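Structure first, then comments.
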Amino acid sequence: MSECPCGSGASYADCCEPILTGALPAPTAERLMRSRYTAYLKAAIGHLGDSLHPEHKADWDEAATRRWAESAEWQGLEIVATEAGGEDDDEGTVEFIATYREGGISKRHHETSRFARKDGRWYYVDGKLAAPETHRNEGPKVGRNDPCPCGSGKKYKKCCGR
């Protein structure tokens with residue numbers, strides 16, 4: 001048996017496969033999130049459309065979803081946090097990071113997704129991308145008349161400060 005690509009540690013046959021094929025509904029929001037990641041990896045576009053909340057399907061672009069799924073080399077899924085979304089809940093959120101390569105460049109998709117249960121079935125509602133971290137330059141600030149830090153010997157204002 002092969003390990004499930006979602007990173008749960010379970011076998012694919014016991015984890016995401018029955019959800020992708022429609023044999024079993026996802027019991028939790030996190031399991032639906034994991035199955036959606038696996039659907040991208042396996043280009044199972046039907047599952048991605050079927051697992052969208054019915055009230056949020058209007059702007060779904062199946063062709064664009066297929067292009068992204070097939071052009072990316074999916075490398076891993078990390079579940080950062082879950083809030084609610086259990087078997088007895090009707091709503092939940094899952095924060096995750098999906099890593100992939102596209103065009104030879106490694107990328108990360110960091111999102112907090114909202115899920116809702118309707119008629120006993122979990123659906124993806126929407127997601128919010130995580131804001132990039134702000135990095136502060138802690139080094140000394142270069143003044144206009146200071147020597148340029150590039151080592152040219154010129155004043156900063158006449159070199160890299162233009």
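Please read all numbers here as calculations on a predicted model, not as lab measurements.
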For a quick test of reading the model, state the closest non-hydrogen atom pair linking [X] to [Y] and the distance between them.
X: Pro5; Y: Tyr12; result: CD-CD1, 3.9 Å
X: Phe115; Y: Leu32; result: CD2-CD2, 3.8 Å
X: Trp122; Y: Gly86; result: CZ2-O, 3.3 Å
X: Cys15; Y: Pro18; result: O-CD, 3.6 Å
X: Gln75; Y: Ser106; result: OE1-OG, 4.5 Å
X: Lys154; Y: Cys159; result: CB-CB, 4.1 Å

Out of curiosity, does [Y] fall in the hydrophobic cluster containing [X] (side-chain heavy atoms, cut-off under 4.5 Å, transitive links)?
X: Val125; Y: Met33; result: no
X: Ile19; Y: Val94; result: no
X: Leu20; Y: Trp74; result: no

Over 12 non-hydrogen atoms of neighbours within 6.0 angstrom of CG in Asp61: yes
If you count every heavy atom of other residues, nucleotides or ligands that lies below 6.0 Å from Lys107 atom NZ, does the total exceed 12? yes
Apart from Val142 itself, which Ile, Leu, Val, Met, Phe, Trp or Tyr residues share its cluster (side-chain heavy atoms under 4.5 Å, direct or through members)? Tyr156
According to ring pair (Phe, Tyr, Trp, His ring centres under 6.0 Å), who are the partners of Trp60, at least two apart in sequence or on a separate chain? none
For His109, which residues count as a ring pair (Phe, Tyr, Trp, His ring centres under 6.0 Å) partner, sequence neighbours excluded? Trp68, Phe96
Point-to-point distance, once rounded to the nearest 0.5 Å, from [atom1] of [X] to [atom2] of [Y]:
X: Ile79; Y: Cys6; atom1: CD1; atom2: SG; answer: 8.0 Å
X: Glu95; Y: Thr82; atom1: CD; atom2: OG1; answer: 10.5 Å
X: Glu3; Y: Asp14; atom1: CD; atom2: CG; answer: 12.0 Å

Do Arg36 and Tyr124 meet the cation-pi criteria used here (NZ or CZ under 6.0 Å from the six-membered ring centre, within 45° of the axis)? yes
Residues two or more places apart in sequence or in another chain: which of them pass side-chain contact (heavy atoms from CB on, under 4.5 Å) with Asn145? Lys155, Lys157
side-chain contact (heavy atoms from CB on, under 4.5 Å) filter on Thr28, not counting sequence neighbours, yields Glu30, Arg31, Glu87
Check the pair Lys118, His53 against side-chain contact (heavy atoms from CB on, under 4.5 Å), reporting the backbone distance first and the verdict last. CA-CA 8 Å; Lys118 181 176 182 173; His53 195 280; 4.2 Å; yes
What donor-acceptor contacts under 3.5 angstrom involve side-chain atoms of residues 39-48, with partners at least two apart or in another chain?
from  : atom 1 : to    : atom 2 : distance (Å)
His47 : NE2    : Ser35 : OG     : 2.8

Is there side-chain contact between Glu91 and Arg117, with heavy atoms separated by less than 4.5 Å? no
Quick one: are Arg121 and Asp50 in side-chain contact, heavy atoms under 4.5 Å? yes
Are Glu102 and Ser71 linked by a side-chain donor-acceptor pair shorter than 3.5 Å? yes
Verify whether one side chain among Arg114 and Thr93 offers a donor that lies under 3.5 Å from an acceptor in the other. no
side-chain contact (heavy atoms from CB on, under 4.5 Å) assessment of Thr65 paired with Arg67: CA-CA 5 Å; Thr65 302; Arg67 278 192 304 275; over 6 Å; no
